[in-house]
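Okay, so here's the structure we're looking at.
Bear in mind that the values here come from a model prediction, so they are computed numbers and not experimental data. Convention: sequence-line order gives letters A, B, ...; per-chain numbering from 1.
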Amino acid sequence: MEGDETEGRRQKLQAMRDAGVNPYPNDFRPEHTTREVKTDLGEADAAALEAFEGVFCLAGRIVSRRDFGKASFLHLQDRSGRLQVYVKRNIVGDEAFAAFKQWDLGDFLGVRGRPFLTKTGELTIEASEVHLLGKALRPLPEKWHGLTDVEARYRQRYLDTVTSEEVRETFRKRSRIIQAIREFFISRDYFEAETPMMQAVAGGAAARPFVTHHNALDIDLYLRIAPELYLKRLLVGGFDRVFELSRVFRNEGVSTRHNPEFTLVEFYQAYATYRDMMDLTEELFVELADSIVGSRTMSWAEHALDLTPPWRRVSIPEHVAEKMGLDIDAVRGLDYELLRKAGDEVGGPLRQDYRAKYGEAAAGYLLMDLFETIAEEELIQPTFVEEYPVAVSPLARRNQESPNFVDRFELFIGAKEMANAFSELNDPVDQRQRLEAQLQHRAAGDDEAHAMDEDFLRALEHGMPPAAGEGIGIDRLVMMLTDSASIRDVILFPHMRPDKP
RNA sequence: GAGCCGUUAGCUCAGCCGGUUAGAGCAUCUGCCUUUUAAGCAGAGGGUCCCGCGUUCGAUCCGCGGACGGCUCACCA
């Protein structure tokens with residue numbers, strides 16, 4: 001049992017307390033990081049270190065140790081990295097050395113000492129003082145292999161990160177990506193908003209929401225599936241450029257690409273179109289690739305990606321017409337029978353009865369499914385997919401020439417949807433009709449159809465400027481920029497079933 | 001929700017065709033050791049083989065059911 005080792009550590013802890021020693025003090029103040037030592041002296045030779053008069057003061061976890069009778073080597077790990085420390089009995093003194101002998105891997109240690117170079121040439125701190133700063137009762141994972149059990153890595157992420165510099169680096173990159181996105185929008189005069197996470201109507205996307213209850217008001221509230229409708233209210237309210245970067249919640253399954261809560265940046269710009277959003281997206285992704293990866297080409301899983309703009313653009317009706325050998329005008333005309341025949345040819349889920357579920361909007365949904373079935377696997381390099389049917393885009397502006405379609409794109413990279421953008425629908429009459437159509441879909445059994453939102457419609461009726469908006473899934477973006485195969489590798493604490501009691 | 005695969009010591013993993021007391025490395029404990037770095041040498045302890053039921057003289061191993069996880073699919077971003 002793990003109890004063996006933990007029990008031994010508990011006994012050491014009790015022995016310290018019995019001897020009047022505090023095993024959890026908080027009076028040691030490190031003055032340097034291990035990286036600072038290496039940065040200052042990494043190039044110095046033995047003679048230079050001999051002449052060096054400074055003393056370093058460090059704190060961190062003991063992550064390895066090699067004991068001798070009257071001396072010991074260990075590695076100390078802090079937030080910046082790890083550094084070797086040499087503890088010698090005749091320097092720290094008999095009493096301190098005897099105490100030090102009782103300390104374990106995983107314990108927190110404070111060290112003061114001067115640098116030197118070992119025989120093997122490793123920069124090392126020769127301790128003049130050692131202090132126990134915190135006793136660990138449970139051991140760290142095995143030093144060589146670390147923690148490889150994926151379940152344990154996710155459930156006890158702290159063990160994963162304390163063991164793996166690579167994992168720590170992935171999450172540092174995530175933090176830098178989020179910071180860079182903020183700076184990207186703020187530098188373009190966007191206003192950062194915080195809108196409600198709990199909403200009376202869960203709108204702005206097609207997804208099932210989580211439900212919660214407000215006791216004092218005695219109403220059900222929904223965790224938001226998107227901030228979209230509130231950000232549009234801010235367009236009405238005079239914020240011409242607005243973004244929000246935070247969590248949304250969707251009551252769907254989990255997979256390597258899905259977590260029930262995920263991070264989204266949504267941004268809206270008045271007097272812009274979805275085409276402007278394409279340019280902005282290319283700029284953002286290139287900037288992130290340059291700063292995070294250091295290159296516009298990168299590998300993601302089995303793919304070699306090239307983010308150099310301009311990115312490919314693919315029209316849904318054109319692609320379907322071309323691949324299926326159909327007449328483009330008939331496809332744009334949303335000829336249901338024609339698409340039905342094509343769907344039967346492709347087979348699979350496309351055989352279902354779209355008319356029963358979607359009524360007059362059936363052809364639009366069918367076209368989308370057809371496109372996804374025949375094209376999604378090809379969408380490896382960055383690709384803007386455009387010309388979406390009105391029926392699947394209840395919040396997007398109609399195309400001026402082609403009213404069955406909207407001015408919208410989705411960005412695909414590595415066959416994954418990375419972003420969704422459109423010129424926003426600011427015609428309140430059209431918006432009301434679209435939401436009413438969604439209500440019919442809901443009544444016919446589509447429980448992800450958009451809900452009616454009278455409060456939002458009232459805001460639109462007060463006047464929203466022409467605008468374009470976009471949402472980018474941050475987790476998938478981080479996956480791409482860190483070459484991660486699973487969304488759980490870029491979310492610190494991914495959702496899992498509760499562990500056995 | 002479906003299919004496939006997995007679960008053995010604290011960690012990383014072996015374990016043959018169903019057969020005595022389930023093994024190794026690291027970690028832990030004891031002893032020696034003042035330039036090691038997966039330190040070394042000598043010794044020791046540590047197991048609900050995920051859980052339950054069944055088959056069998058006998059089950060870590062075979063069958064059925066369940067839990068949890070991974071992957072793929074479905075839903076979705």
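- Ion pairing of Arg397(A) with Glu424(A) is absent here, as no side-chain N (NZ or NE/NH1/NH2) approaches a carboxylate O to less than 4.0 Å.
- Set against U36(B), A74(B), G1(B), the side chain of Phe73(A) has U36(B) as its closest nucleotide.
- In this pair, Trp103(A) and Phe100(A) present their aromatic rings perpendicular. The plane angle is above 60°, beyond the 30 to 60° band.
- Separating the CG atom of Leu117(A) from the C1' atom of U36(B) is a distance of 14 Å, rounded to the nearest angstrom.
- Per the geometry, CZ belonging to Arg208(A) stands 15 Å off P belonging to A74(B), to the nearest Å.
- Here, C64(B) and U21(B) have their C1' atoms 31 Å apart, quoted to the whole Å.
- In this structure, Met278(A) and Glu386(A) approach most closely via the heavy-atom pair CE-OE1, 3.5 Å.
- Between A24(B) and U8(B), the distance separating the two C1' atoms is 13 Å to the nearest Å.
- Applying salt bridge (Lys or Arg N to Asp or Glu O under 4.0 Å) to Arg224(A) and the options Glu266(A), Glu261(A), Glu244(A), Glu194(A) leaves one that passes, Glu244(A).
- Residue Met496(A) is in sugar-phosphate contact alone, with no base atom involved, counting any heavy-atom pair closer than 4.0 Å across all strands shown.
- Between the P atom of A38(B) and the CD atom of Gln84(A) lies a distance of 10 Å, rounded to the nearest Å.
- Using C1' as the reference atom, C13(B) and A27(B) are 14 Å apart when rounded to the nearest Å.
- Side-chain N or O atoms of Arg114(A) include none that pairs as donor or acceptor with a backbone N or O of Ile125(A) at under 3.5 Å.
- Side-chain atoms of Glu122(A) lie closest to U36(B) of the nucleotides U36(B), U35(B), C13(B).
- Taking 4.0 angstrom as the limit, Arg257(A) places a side-chain polar atom (N or O) nearer than this to OP1 or OP2 of C73(B).
- Cation-pi check for Arg157(A) over Phe493(A) is not met; the charged atom does not lie both under 6.0 angstrom from the ring centroid and within 45 degrees of its normal.
- Separation of the P atoms belonging to C61(B) and C53(B) is 13 Å when rounded to the nearest angstrom.
- For the pair Arg155(A) and G69(B), the criterion of a side-chain N or O lying under 4.0 Å from OP1 or OP2 is met.
- Between Thr124(A) and U35(B) there is no side-chain polar atom (N or O) within less than 4.0 angstrom of OP1 or OP2.
- We find that Arg176(A) and Glu169(A) are joined by a salt bridge, their nearest charged nitrogen and carboxylate oxygen being less than 4.0 Å apart.
- Between Arg250(A) and the phosphate of A77(B), there is a side-chain N or O to OP1/OP2 separation shorter than 4.0 Å.
- Using a 4.0 Å heavy-atom cutoff across all strands shown, Glu410(A) reaches no nucleic acid atom at all.
- Here the P atom of nucleotide C71(B) and the CD atom of Glu302(A) are 14 Å apart, to the nearest Å.
- Each of C11(B), G70(B), C71(B) was ranked by its minimum atom distance to the side chain of Leu147(A); first place goes to C11(B).
- As judged by a 4.0 angstrom heavy-atom cut-off over every strand, Ala205(A) is placed among residues making no nucleic acid contact.
- Within the 3.5 Å criterion, the main-chain N or O of Val478(A) finds a donor-acceptor partner in the side chain of Thr482(A).
- The P atoms of G66(B) and A74(B) are separated by 25 Å, rounded to the nearest whole Å.
- Distance, Arg153(A) CZ to G69(B) C1': 13 Å, rounded to whole Å.
- Straight-line distance between the P atoms of U28(B) and A14(B): roughly 24 Å, to the nearest whole Å.
- The same atom, C1', is picked in U36(B) and in U20(B); the two are 44 Å apart, to the nearest Å.
- Atoms CG (Asp149(A)) and P (C68(B)) sit 16 Å apart, rounded to a whole Å.
- Taking atom CZ on Phe210(A) and atom C1' on A77(B), their separation rounds to 14 Å, with Å as the unit.
- Tested against Arg153(A) for a side-chain hydrogen bond (donor to acceptor under 3.5 Å, both in side chains), the candidates Asp160(A), Thr163(A), Thr161(A) yield a single pass: Asp160(A).
- Salt bridge annotation for Lys38(A)-Glu36(A): absent, with no cationic side-chain nitrogen under 4.0 angstrom from a carboxylate oxygen.
- Between the side chain of Thr118(A) and the base of U36(B), a donor-acceptor pair under 3.5 Å is found.
- In summary, the aromatic rings of Tyr274(A) and Phe422(A) are positioned with their centroids too far apart to meet the 6.0 Å limit.
- For Arg65(A) and Asp104(A), the salt-bridge test fails: no basic side-chain N is under 4.0 Å from an acidic carboxylate O.
- For Phe73(A) and Tyr86(A), the gap between ring centers is short of 6.0 Å.
- The 5' end of RNA chain B is approached more closely, in terms of each residue's nearest nucleotide, by Ala485(A) than by the other of Glu448(A) and Ala485(A).
- Closest-nucleotide positions on RNA chain B for Pro260(A) and Arg488(A) were compared, and the one nearer the 5' end corresponds to Arg488(A).
- Using a 4.0 Å heavy-atom distance criterion, Thr256(A) is classed as a sugar-phosphate-only contact.
- Here C11(B) is the nucleotide among A77(B), C11(B), G70(B) with the atom lying nearest to any side-chain atom of Pro141(A).
- The separation between Asn259(A) atom CG and G69(B) atom P is 13 Å, rounded to whole Å.
- Counting non-hydrogen atoms under 4.0 angstrom, Tyr154(A) reaches the backbone sugars and phosphates but no base.
- Of the side-chain N and O atoms in Ser255(A), none sit less than 4.0 angstrom from OP1 or OP2 of G70(B).
- Here Arg138(A) does not reach the OP1 or OP2 of U28(B): none of its side-chain N or O atoms lies under 4.0 Å away.
- Within 4.0 Å (heavy atoms only), Gly471(A) reaches no atom of the nucleic acid at all.
- With both ends at atom P, the span from A77(B) to A2(B) equals 23 Å, rounded to whole Å.
- The Glu151(A) side chain lies nearest to C68(B) when the options are A77(B), U36(B), C68(B).
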Review item, nucleotides 23-27 of chain B N/O atoms under 3.5 Å of protein N/O:
from	atom 1	to	atom 2	distance (Å)
C26(B)	O3'	Lys143(A)	NZ	3.4
A27(B)	OP1	Lys143(A)	NZ	3.0
A27(B)	O2'	Glu5(A)	OE1	3.3

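- Listed by first residue number, the stems of RNA chain B with at least three Watson-Crick or G-U pairs below 3.5 Å are B:1-7 with B:67-73, B:10-13 with B:23-26, B:28-32 with B:40-44, B:50-54 with B:62-66.
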At a cut-off of 3.5 Å, list every protein nitrogen or oxygen paired with a nitrogen or oxygen from nucleotides 30-34 of chain B, distance to 0.1 Å.
from	atom 1	to	atom 2	distance (Å)
U34(B)	OP2	Lys70(A)	N	3.3
U34(B)	O4	Asn90(A)	ND2	3.3

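- Phe116(A) and Leu49(A) make their closest contact through C-CD1, 3.7 Å (heavy atoms, listed as atom of the first residue, atom of the second, distance).
- Between Phe243(A) and the choices Phe185(A), Tyr268(A), Phe267(A), the ring pair (Phe, Tyr, Trp, His ring centres under 6.0 Å) rule is met once, by Phe185(A).
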